[in-house]
Amino acid sequence: MSSIGTGYDLSVTTFSPDGRVFQIEYAAKAVDNSGTVIGIKCKDGIVLGVEKLIASKMMLPGSNRRIHSVHRHSGMAVAGLAADGRQIVARTKSEATNYDSVYGEPIPVKELAERVASYVHLCTLYWWLRPFGCGVILGGYDRDGPQLYMVEPSGVSYRYFGAAIGKGRQAAKTEVILLSISIVGFLLAFRPGRLDQCMRILSLCSLGVWGGEIEKLKLTDMTCRQGVIEVAKIIYGVHDEAKDKDFELEMSWVCDESNRQHQKVPDELLEEAKAAAKAALEEMDAD
Amino acid sequence: MASNLDSVSDTQRTLYPYVTGTSVVALKYKNGILMAADMGGSYGSTLRYKSIDRLKPIGKHSLLGASGEISDFQEILRYLDELILYDNMWDDGNSLGPKEMHNYLTRVMYNRRNKFNPLWNALVLGGVKNGQKYLGMVNMIGINFEDNHVATGLGNHLARPILRDEWHENLTFEEGVKLLEKCMRVLLYRDRSAINKIQVCAFSSSCLC
């Protein structure tokens, strides 16, 4: 899939002969190298989770927040270049407060996602700017219920019921798909050439590790409380012990239980989720 | 100031208040703060609005009462709303307390006064944070202070003498309310712009009621 765009990849304002803008694709690679970020939409809200890879043992736990509130009702998890992410979060906060002060109501999540996407896209249009090297998962709860959007460095933004970016996104997405589509065969049909993935899926199915029996798990029926446990399990599962150092799990939610406010997942629930995830991992290793 | 001669900046200055609220009275009691105000908005000498909420909770720790121009009070509430929002978004377990809010309001009021465009209010800010009670006042020219009992407008002349005599440390909730009611009664007798519908708000370390 990746090719060197010799000569056509020097500027974000240059198309290659096959119609690609390489600088944007390279920006996406920066996101791929970051720790996994997951978002899921449950029945009553959104759960966001981040696998925060710890760069140095001297860092205090709880520092280097990757999930930020952008308004009372919405939050954003960032993957990729941290400084670029900070810029996007600042802009999003500003858009949200501006909408609120002009229109008197919290910004609809759809509108916010469009504004973030426009801003990210803006930086892909001029040769004197570079694209943002970070992808963002935006979750919020407005009049139309909980919604989840993902914005990529190219400036595209789609609405999802489950999204993952970063290193372990393929594996995580598989888990998320498993959680929401109960038929595994459906997946096999889609991935005829990827036997390794199918084997992994099969093994997971037979172990029934992730949240009990996969067939029974559906995002549409899951509450955020359950969703928090599932997200923790997925992140612990996709974390590559061999390649990466230690990590810290950061999670947040917006749901009916949190009064539709975006906030960190309460400590006891976070501990419960971590314990369940570690237990699930051990079960899998035991087999 | 050169802007006095500039006709453009003239139209941006507050010259007179239009819809005004009358006194606010507040005192510290054993568990926190008690604050009272009537619910009237006068349009000059007409008692035009009879259900204006002049006491508002701000954030987790404070209560704000305002007298003076109601539209300026609403503007102040918008500033504070944004301040509290940004404070909450840090999500770091800390939050702005009454002392910080009072300081912020003082800076806002004083700087507006220096631009000859005041927010035509006298504000009472009270609250409890980490068990510490705080009660302060700031007015449109930026005068601010902290005390065990404060009042605005005519309350300073009619209510505070009563409070100076009868206030003591460790007032219970019931005693505090009775004392405030006494002050509000005197204000109703003697203040032309007072109405007979009052609001009393208590803020203690355990709840906001």
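The structure presented is a predicted model; accordingly, all values stated were derived computationally and were not measured. Chain A is the first sequence line, chain B the second, and so forth, proteins listed ahead of strands; every chain is numbered from 1.
- Here the CG atom belonging to B:Leu187 is positioned 7.0 Å from the OG1 atom belonging to B:Thr22, to the nearest 0.5 angstrom.
- Here the straight-line distance linking atom CG of B:Leu163 with atom CG of B:Leu27 works out to 6.0 Å at 0.5 Å rounding.
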Task: Residues A:Arg91, A:Glu95; criterion salt bridge (Lys or Arg N to Asp or Glu O under 4.0 Å); working and verdict - done: CA-CA 6 Å; A:Arg91 176 73 186 211; A:Glu95 294 280 3; 3.2 Å; yes
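- Separation of atoms CG (A:Leu112) and CD1 (A:Ile107) is listed at 4.5 Å; rounding is to 0.5 Å.
- Of the inter-residue distances, the one linking A:Phe247 atom CZ with A:Leu249 atom CG reads 6.0 Å to the nearest 0.5 angstrom.
- Both the backbone and the side chain of B:Asp91 come within contact range of chain A, judged by heavy atoms closer than 4.5 Å.
- For residues 175-185 of chain B, an interface with chain A (any heavy-atom pair closer than 4.5 Å) does not exist.
- Interface remark: A:His71 contributes backbone and side-chain atoms alike to the contact with chain B (heavy atom separation under 4.5 Å).
- A tilted orientation is assigned to the rings of A:Tyr99 and A:Tyr103, their planes being inclined by 30° to 60°.
- Under the 30°/60° scheme for interplanar angles, the aromatic rings of A:Tyr119 and A:Phe132 are found to be tilted.
- The contact between A:Ser101 and chain B is made by backbone and side chain atoms together, counting heavy-atom distances below 4.5 Å.
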